[in-house]
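Note that the structure is predicted; figures quoted are calculated from it, not measured.
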Amino acid sequence: MKPDPVVLDPAQQAAAHALESLLDQHGRPLRHTQRAVRPGRRDRRAHRCGVYLHGRPGRGKTMVMDHFFASADTHRKRRFHFHTFFAALHAAAHTLGSIERAIDALLSDADLVCFDEFHVTDIGDAMLVARLLDAVFADRRTLVVTSNYRPEDLLPNPLFHDHFLPSIEQILADLEVVTLDGPLDYRTRASHRDTGFLAGRYVLTTGVGSPAARACADAGDERPTVEVPLGHGRTIRAYTAAADAITLDFHALCAAPTSAADYLHLTQRYRHWTLRAVPPLREVPPDWSMRLVHLVDVLYDADLPFTIHAPERAPDLTSAVPAIPDLARTASRLGELPLTGVSNVRTA
């Protein structure tokens, strides 16, 4: 039996129509010089070479983009999660000796390039994104991105925002900006499935910092003691790391100077993840919270089972935390996990 077809809401339909304008009548990506004005389109779209799709988490941006990507009738296309791309970019630059060579190698001969969860939160990444955009537009590739940010809100840090304004202006000039921001977060309506990220659990504990609760949650282990290599001589400590499952402590992972690239490295070996003793994020430094954001992004995109132990439900766990980019997306994704009590779940 075939699954029921996806019914798009009005905002998703408008986004899908904007993406369809990037393809010719045979479903192939249009070259920039080919892009013609379709009936009902305004002239200003004729010179655009892609779409910038933005809105709050859970509105269907990735779904619409992925459907468009699948429908494009070409083998010369690439689709990346932004964290994955940046990790690969740094590795390729180290091997090839320059960012430009690394970009060329990663994009290869693609006429269509799609980035999911496009974001810019620090000045170092901003400079790399600027060079990436220069390369994509110079090569006349079709570019589609999804983001939780309006272009004007990229690199929100006021100390550095002005440095990224030329790239923002480039995005506004060369991409059609489409808002997909309907009233419903569809993740709150999703039915549970037993595979991938949603095969995990949200284990609700109380008083995670108390000895009794920690003893229960950590199954008798007082501290993580298993050394897990991260590469380049660096390690983190885990409670368990056997076969394809790893169980980590929030403090050991997120208080350490780890990165999305480290989590991507670990996903190559470990396919089932558990993170214990996650405190209310308002009680920890911002960089610890940002690492949790990156971890959830990596595991969600890789669609790996994730179990988290925390004393509050996701909306409360992430509330009253100032100036953490993309935390709303993390709350939305954690909210998809089935809720259970610590006595009802066995983790790795």
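Looking at every heavy atom in both residues, A277 comes nearest to D249 through CB-OD1, 3.7 Å. Contact detail for P311 and P279: the closest heavy-atom pair is CD-CA, 4.4 Å. Here the closest non-hydrogen pair linking V293 and P325 is CG1-O, 4.0 Å. Nearest heavy atom pair, residue N148 against residue G55, reads ND2-O, 3.1 Å. Among all heavy-atom pairs drawn from L337 and G200, the shortest one is CD2-C, 4.1 Å. The two atoms that bring L19 and F68 nearest to each other are O-CE1, 3.1 Å, heavy atoms only.
In H67, the NE2 atom is not crowded: 12 or fewer heavy atoms of neighbouring residues, nucleotides or ligands sit closer than 6.0 Å. Counting non-hydrogen atoms of neighbouring residues, nucleotides and ligands closer than 6.0 angstrom, the CZ atom of R78 exceeds 12 such neighbours. By the 6.0 Å contact criterion, NE2 on H26 is enclosed, its count of non-hydrogen atoms from other residues, nucleotides or ligands being greater than 12.
Going from atom CZ of R56 over to atom CZ of R329 covers 15.0 Å, rounded to the nearest 0.5 Å. From I168, atom CD1 reaches atom CG of L155 across 7.5 Å, with rounding to the nearest 0.5 Å. The SG atom of C49 sits 11.0 Å away from the CG atom of D139 when rounded to the nearest 0.5 Å. For the atom pair CG of D122 and CG of L128, the computed distance is 9.0 Å after rounding to the nearest 0.5 Å. How far CD1 of I308 is from CG of L299: 10.5 Å, rounded to the nearest 0.5 Å. One distance of note links CG of L106 with OG1 of T84; it measures 11.0 Å at 0.5 Å rounding.
Using modelled atom types, one side-chain atom of R101 and one backbone atom of L96 make a donor-acceptor pair closer than 3.5 Å. Of the possible polar contacts, none joining the R79 side chain to the D116 backbone as a donor-acceptor pair under 3.5 Å is found. Side-chain atoms of Y202 come within 3.5 Å of backbone atoms of A314 as a donor-acceptor pair (strictly under, hydrogens ignored). Of the possible polar contacts, none joining the R237 side chain to the A252 backbone as a donor-acceptor pair under 3.5 Å is found. For H81 (side chain) and H83 (main-chain N/O), a donor-acceptor pair under 3.5 Å exists by modelled atom type. In this structure a side-chain-to-backbone donor-acceptor pair under 3.5 Å is present from K77 to F69.
Classified by interplanar angle (parallel below 30°, tilted 30° to 60°, perpendicular above 60°), the ring pair F118/F82 is tilted.
Between R59 and D9, every side-chain heavy-atom pair lies at or beyond the 4.5 Å cut-off. With contacts defined as side-chain heavy-atom distances shorter than 4.5 Å, the pair L248/Y270 does not qualify. L143 has its side chain out of reach of D174: every pair of non-hydrogen atoms, C-beta onward, lies at least 4.5 Å apart. By the 4.5 Å heavy-atom criterion applied to side chains, F164 and N157 are not counted as neighbours. Contact of the L154 side chain with the V129 side chain is not registered, since no non-hydrogen atoms from C-beta on lie closer than 4.5 Å. In this structure the side chain of S319 reaches within 4.5 angstrom of the side chain of R282, judged on heavy atoms. The closest side-chain heavy-atom distance from L30 to T142 is not below 4.5 Å.
Between H119 and H54, a ring centre-to-centre spacing not shorter than 6.0 Å is recorded.
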(message) The test is side-chain contact (heavy atoms from CB on, under 4.5 Å); show your working for L89 and I103 and say whether it passes.
(response) CA-CA 7 Å; L89 181 63; I103 292 171; 3.7 Å; yes
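Between D109 and R141 there is no salt bridge, since none of the side-chain N atoms of the basic residue sits less than 4.0 Å from a carboxylate O of the acidic one.
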